[in-house]
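First listed ligand is number 1; within each ligand, the first listed atom is number 1. Numbering starts at 1 and runs along the sequence shown. On a predicted model such as this, the values are computed, not experimentally measured, just so you know.
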Amino acid sequence: MDATIQTPSPTPPTSNVTSPEFAMFHYSSPFPLYGWISMFFPILRNPYIVESLRLFLFGSVLETCRRICRWALDRFTSGFFVTAHFQQGDWAFDWLSEFLAAQEIWTNSREYRVTVSNDQKALAPGGSPSTTKVPTEKGDGAEDDSDDDGYPQPLYFPASDNTQVIRWRGRWIQVTRKAGHISYNTQTEEGSSLAITIYTRKKQVLDDLVAEARQHYISTRKPPLAAQTGKKSNLTIKATFEQSDYTYSWILEFLNTHNAWQNTNELIVTAKSDEQKWGMALGGNDRAGDEEGKDEKLRVYYQPCKQNVNLWNWKGTWIQLQRNGGAMDYRSMKESGGSISLILFTGRKETLDELISAAAEQYWSKSSRRVTVHMYESYRDWSTTITKQIRPMDSLILPHGMTDLMIGDLRDFMDNKDWYAAAGIPWRRGVLLWGPPGTGKSTTVHAIAGELQLEIYCVPLSSGDIDDGSLQRLVAATPPSCILLLEDIDCGFRSRDNEGDDDDDDADKPFNPYRIDTKKRVTLSGLLNVLDSVSSEEGRIVIATTNHIDKLDPALLRPGRMDLLVEYKLATRQQNIDLFTRFYSRDLMTRTAKSSQGAKEPTQTAIEVSDEAASLVKKSDNSSFFFGSVPTAAEIADLSIQFADKVPESRYSIAQLQGYLLCSKRNPRGAIMNLDQWLADREKEEADKEARRAKKAEEKAKWLKKEKFRQRKERQMDEEMEKEMLAEAEETKKSENVQEKGEQDGGETEERRAADDDLKTPDGASDKDSEPVMVESARPSSSS
Ligand SMILES: Nc1ncnc2c1ncn2[C@@H]1O[C@H](COP(=O)(O)OP(=O)(O)OP(=O)(O)O)[C@@H](O)[C@H]1O
């Protein structure tokens, strides 16, 4: 059977369809969708639409091809090229920038930003001849930004995005620099980046390039860009040295001797010698403070301003230095609480260790030529440091062997730390130097410090500024292995037995019973606490000095607190001989004779002195009147015996005799000639002083007598008054008793009378009922 399938057609075919492409739609489709699609046939017959569709198809094909090509190219590039990106603020960026600048890659740029700003020098990526200069060790990065005319050189920065190609080790490298923006605050470029494409398949080439750039950067010793832009990399180490800590002195000294602050251009200029520790060089000179033979009047010291930031290169490592200001003490006009911060641009922690050990080593090696004394100032702890020339032990004029005994004991102590630890005994040594003033106690401490290379931390207990709290704090802030010097230990507090005693300084002043003592004092228990405290266990030598051992509490002198007691006496005959011989040693005499001749001539010819002027001007030093020959050693020995024969033994201190000899420092014969007169004057002075003391003692005794009498009188009066008051009280009591009794009797009579009255009253019956007992008891008494 023939069957024909008839598909309904939504649009009946028309006779004018001639185009073959439309003819294809005329076949009969088995799917119903055809009917829907065929609805668009009229649109497709529009030639414009057909043209647009054609274009669309063509575009799509083109875009697809482009994308395929791009994808293929990328695959090819990633397979045959190596690309790396570097972002500003990173060290790798600094290396590459510097390296490319050295290859003069940016000289072909077409747009520049030109500046002379010193701040941006390190950022300049080439193009300027001045930026290629390599800092020297001495200059430490101080690039010479000015020729002799004093004007700076221009710096060129590629201003816009830039792509350049260089050839390196036979390969082509494409460098694209993306410009950053100018920071409003720092006026430097920020956010720039570099992209490097190397035409190679090997990543090793990139490694080599970066390694070479890094090596180049190190060799140029350029300051790190991170430091210049203020951006801190995490590859830095920051160390702060507080003024209150002793490492501060180490680093300060080290920085100064290495001219580390040399590049700073904000300076404080001072002529105060106590600021010398900040003294630094300018313009490549030696430190201002160290210039030998420079006229004192012309000597100035430069200090970096506070908060000033400075870059310094130490052994190839860049270090950013900053001096941080502390608070100003308006009493002493000195600063305290300051610090020095170092930022080391390295990831190597050992560099900081090396720097600090180098600083400490230098400090201590320098200290071996001098003694450092840390002084206490009110409320400022160990803020003042002075350095003194070392005093050789053999310059002390003491009984022979005395210094050897002391040094031997202290050396033994220093060398036996382990023994103390093993024995469980605190590793500390207490030494008490006692004796009259001017016998060399303080001088001995300086000589010991020099000999044992220890620093002195000096607490002047008599200053009146120190109490228990401050003493404890001061001692806790001392380093291990040092000398803690407690000067005039008897003046720091009043002993229990000498409560009413005057200070030694006041011995010559008139007696004033109403004087108010405003001085701060350390208590005995406070001092004992400090001597025994744990903080005194780290190899400290506590040296106390006193003129009055008798004023000290026995608890202080107990072994363990004071282990070595050394007595100083007024000069013996042997000391007198030693003093004279030393004072007029041939070495000293020839030295002074030379200098005096040098100074003598101009003044001698110029001056004409009238008798009146000569009588008015009293010169303590008569040495200029000596023009004789320098005495021989034998003569000096002979004169020293004469000197010792004349000076009474154990009567004068070395300080007094030294003071006398100073008046004749170039004239030993004159010293002997004038000695009698001087001794007579001293005797008279001493007698006067004694008389004043006796008078004062007498006044005091009188006052005490009067005081006692007054107190006795007062006591008597008090007693009498007390007696009177007692008698009065007795009297009052008696009269009160009598009155009370009278009142009692009067009360009873009154009651009785009232009772009688009650009985008489007409309404008394009711009262009688309510108080039967009273009435009953009242009746017998009334009848009686
Ligand atoms: N024994 C000595 N040897 C060398 N010089 C001495 C001696 N005694 C005193 N002098 C000199 O006298 C001066 C004062 O000495 P020093 O200050 O050491 O005495 P002191 O006993 O500590 O006095 P004070 O008890 O008043 O503190 C110093 O300049 C020192 O040079």
Taking non-hydrogen atoms only, is Arg391 closer than 4.0 angstrom to ligand 1 via side chain, backbone, both or neither? side chain
Just need the protein heavy atom nearest to atom 9 (C) of ligand 1, so name the residue and atom and give the distance. Gly438 O, 3.2 Å
Presence of salt bridge, Lys702 and Glu699, under 4.0 angstrom: no
Select the closest option to atom 1 (N) of ligand 1 among Ile397, Val445, Leu662, judged by heavy-atom distance. Ile397
Given Val530, which of Leu486, Val475, Val459 fulfils the side chain to side chain contact (heavy atoms under 4.5 Å, CB included) condition? Val475
Min heavy-atom dist Ser395 to ligand 1 below 4.0 Å: yes
For atom 27 (O) of ligand 1, closest protein heavy-atom neighbour: Ser442 OG, 3.7 Å
Could you tell me the residue and atom name of the protein heavy atom closest to atom 29 (O) of ligand 1, and the distance to it rounded to 0.1 Å? Gln658 NE2, 3.7 Å
Can you tell me if Asp578 and Thr581 form a side-chain donor-acceptor pair at under 3.5 Å? no
If you count the atoms of ligand 1 from 1 in the order shown, which ones are under 4.0 Å from a heavy atom of Asn547? 25 (O)
Here the atoms of ligand 1 under 4.0 Å from any heavy atom belonging to Ile654 are 1 (N), 2 (C), 5 (N), 6 (C), 7 (C), 8 (N), 9 (C), 10 (N)
At under 4.0 Å between heavy atoms, which part of Leu579 makes contact with ligand 1: side chain, backbone, both or neither? neither
By side chain to side chain donor-acceptor pair (under 3.5 Å), which residues pair with Arg558, not counting sequence neighbours? none
How far is atom 13 (C) of ligand 1 from its nearest protein heavy atom, and which residue and atom is that? Ala655 CB, 3.9 Å
Please determine if Asp688 and Arg692 form a salt bridge, counting it only when a charged side-chain N lies under 4.0 Å from a carboxylate O. no
Shortest protein contact, atom 21 (O) of ligand 1 (heavy atom only): Lys441 NZ, 2.7 Å
Counting heavy atoms only, which of Thr545, Leu398, Thr443, Leu433 comes nearest to atom 28 (C) of ligand 1? Thr443
To the nearest 0.1 Å, how far is atom 26 (O) of ligand 1 from its closest protein heavy atom, and which atom is that? Pro437 CB, 3.5 Å
Does some non-hydrogen atom of His446 fall short of 4.0 Å from ligand 1? no
Once the angle between the rings of Tyr652 and Trp678 is folded into 0 to 90°, is it parallel (under 30°), tilted (30 to 60°) or perpendicular (over 60°)? tilted
